[in-house]
Amino acid sequence: MQINHTVSLQEKVPPPEGFSVAEILEERAHAMQSRRKRVRTRAALLAVAAREIEIVGYDSLTVDHLVSSAGMVRGTFYLYFHSRSDIIKAVLRKYWALMRIHRPRGGGLGLRESIHRANTYSVMLAARNPRLLEAREILLREDADVVSRMASVNRIWSERIVRDLERRGLTTSEDADHAFVRLKARAVINMSDTLLSDVNRLSGWDESDGPIDLNLVIRVMDDLWHRSLYLPEACQT
């Protein structure tokens, strides 16, 4: 992540229920009015892309649509980005940077409370940026760079989980099953990613219930994480 961008993204701390990438990038673009033109223009294009992806979705998004919304010409767009997918990948990089910067921190919580706080954050992020995550799923099937970046994000997350397990005395780096624990952490992350990418599509999945209850999603994730990672195998029967 670029350090100068990270600093500017931290200027306004999002609320604990997560953040909208579009809102943050719009605020950032507005705050750059005194910067040199190239910086201002790139920031404006990113803000427009983040907003328009949530309005029309990736499949309906075009370069013409973006430059029209930004009040620019196509030639200006191509000075900064090669294609529609290129600018959406840049927005995704901002999303991943913001997700890391603003993830819940601080001790003093019990195990279940800590899991619940992390899952609440993840679910609310998905709910506030649904079409960006849909675009991510499309690009994961089409773009090796996105696959690599996603794998890196999840690898860092899984290593953090393993360190937490070690801190709580539930495993050690010398355990014979250490590789098993690391792979299990990756599996739980992948299952969570799949569920989060489906949060928006799950609305109305059961006609008798109507829109998906985000608290239900959080509850399912809490149970998944606790049983899969923090409950000894002997207690899982």
Side-chain angles (χ1 to χ4, degrees), residues 1-105 121-140 142-143 145-146 148-150 152-153 156 193 196-197 199-200:
M1 311 301 176
Q2 295 183 5
I3 294 176
N4 60 332
H5 288 171
T6 299
V7 171
S8 62
L9 287 169
Q10 284 181 296
E11 290 173 358
K12 185 178 173 96
V13 178
E17 65 268 19
F19 55 82
S20 159
V21 176
E23 289 177 5
I24 290 182
L25 293 186
E26 285 169 346
E27 292 171 2
R28 179 172 177 265
H30 180 74
M32 288 190 169
Q33 295 306 307
S34 62
R35 303 285 294 275
R36 58 192 177 91
K37 183 178 180 180
R38 185 170 182 82
V39 174
R40 294 198 314 270
T41 303
R42 189 177 192 279
L45 283 168
L46 284 172
V48 167
R51 177 60 65 191
E52 294 303 320
I53 195 75
E54 293 299 342
I55 294 173
V56 304
Y58 185 74
D59 286 338
S60 299
L61 194 68
T62 65
V63 171
D64 284 338
H65 188 95
L66 289 172
V67 297
S68 175
S69 298
M72 301 177 189
V73 296
R74 286 177 65 92
T76 300
F77 176 89
Y78 289 114
L79 290 174
Y80 300 89
F81 302 100
H82 301 301
S83 62
R84 173 189 66 167
S85 63
D86 190 32
I87 192 170
I88 297 305
K89 286 193 293 182
V91 174
L92 278 170
R93 287 194 291 272
K94 298 298 184 186
Y95 171 80
W96 282 319
L98 286 162
M99 182 175 65
R100 175 181 56 81
I101 291 166
H102 298 295
R103 68 179 177 83
R105 291 176 171 85
Y121 178 69
S122 296
V123 170
M124 296 310 297
L125 279 183
R128 298 196 67 187
N129 303 276
R131 286 187 159 175
L132 178 62
L133 296 191
E134 287 180 3
R136 182 195 68 182
E137 295 307 303
I138 294 171
L139 289 170
L140 280 170
E142 299 177 351
D143 195 294
D145 289 341
V146 177
S148 177
R149 180 60 67 96
M150 188 75 174
S152 177
V153 169
I156 292 170
D193 276 341
L196 291 175
S197 70
V199 164
N200 190 51

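What's counted below: heavy atoms across the whole structure, side chains too, no hydrogens, waters or symmetry copies. Treat the numbers as computed from the prediction; the structure is a model and nothing was measured.
- Once rounded to the nearest 0.5 Å, the distance linking CZ of R93 with CG of L46 reads 9.0 Å.
- I156 CD1 to R100 CZ: the interatomic distance, rounded to the nearest 0.5 Å, is 8.0 Å.
- For the atom pair CZ (R38) and CZ (R42), the distance works out to 8.5 Å, reported to the nearest 0.5 Å.
- In this structure, the side chains of I88 and L61 come closer than 4.5 Å at one or more pairs of heavy atoms.
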Trace of the side chain to side chain contact (heavy atoms under 4.5 Å, CB included) decision for L196 with L125: CA-CA 9 Å; L196 291 175; L125 279 183; over 6 Å; no
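- Between the side chain of R131 and the backbone N or O of I55, at least one donor-acceptor pair lies under 3.5 Å.
- Of all non-hydrogen atoms in M99 and Y121, the two that sit nearest each other are O-OH, 3.1 Å.
- Between the NE2 atom in H102 and the CD1 atom in I24 there is a gap of 5.0 Å [rounded to 0.5 Å].
- Between N129 and F19 the shortest heavy-atom distance is ND2-O, 2.8 Å.
- Closest of all the heavy-atom pairs between V67 and V73 is CG1-O, 3.8 Å.
- One distance of note links CD1 of I101 with NZ of K94; it measures 9.0 Å at 0.5 Å rounding.
- Shortest non-hydrogen contact noted between A127 and P130 is O-CD, 3.4 Å.
- A donor-acceptor pair under 3.5 Å is formed between the side chain of R40 and the backbone N or O of R35.
- For E54 against L132, the heavy-atom pair with the smallest separation is OE2-N, 3.1 Å.
- Using a 4.5 Å heavy-atom cutoff, the side chains of L45 and L66 are not in contact.
- In this structure, the side chain of R84 engages the main chain of Y58 through a donor-acceptor pair within 3.5 Å.
- Remark: side-chain polar atoms of S68 are not paired, donor with acceptor, to backbone N or O of D64 under 3.5 angstrom.
- Not counting sequence neighbours, the partners of H65 by the side chain to side chain donor-acceptor pair (under 3.5 Å) test are E52.
- Between the side chain of D86 and the backbone N or O of Y78, no donor-acceptor pair lies under 3.5 Å.
- In this view, E26 and R51 satisfy the side chain to side chain donor-acceptor pair (under 3.5 Å) rule, not counting sequence neighbours.
- In this structure, L133 and Y95 have side chains that are in contact, with non-hydrogen atoms separated by less than 4.5 Å.
- In terms of the salt bridge (charged side-chain N to carboxylate O under 4.0 Å, His left out) criterion, residue partners of D143 (sequence neighbours excluded) are, by chain and number, K89.
- The shortest non-hydrogen separation linking Y80 to K37 is OH-O, 4.3 Å.
- Between the CG atom in L92 and the CG atom in L140 there is a gap of 8.5 Å [rounded to 0.5 Å].
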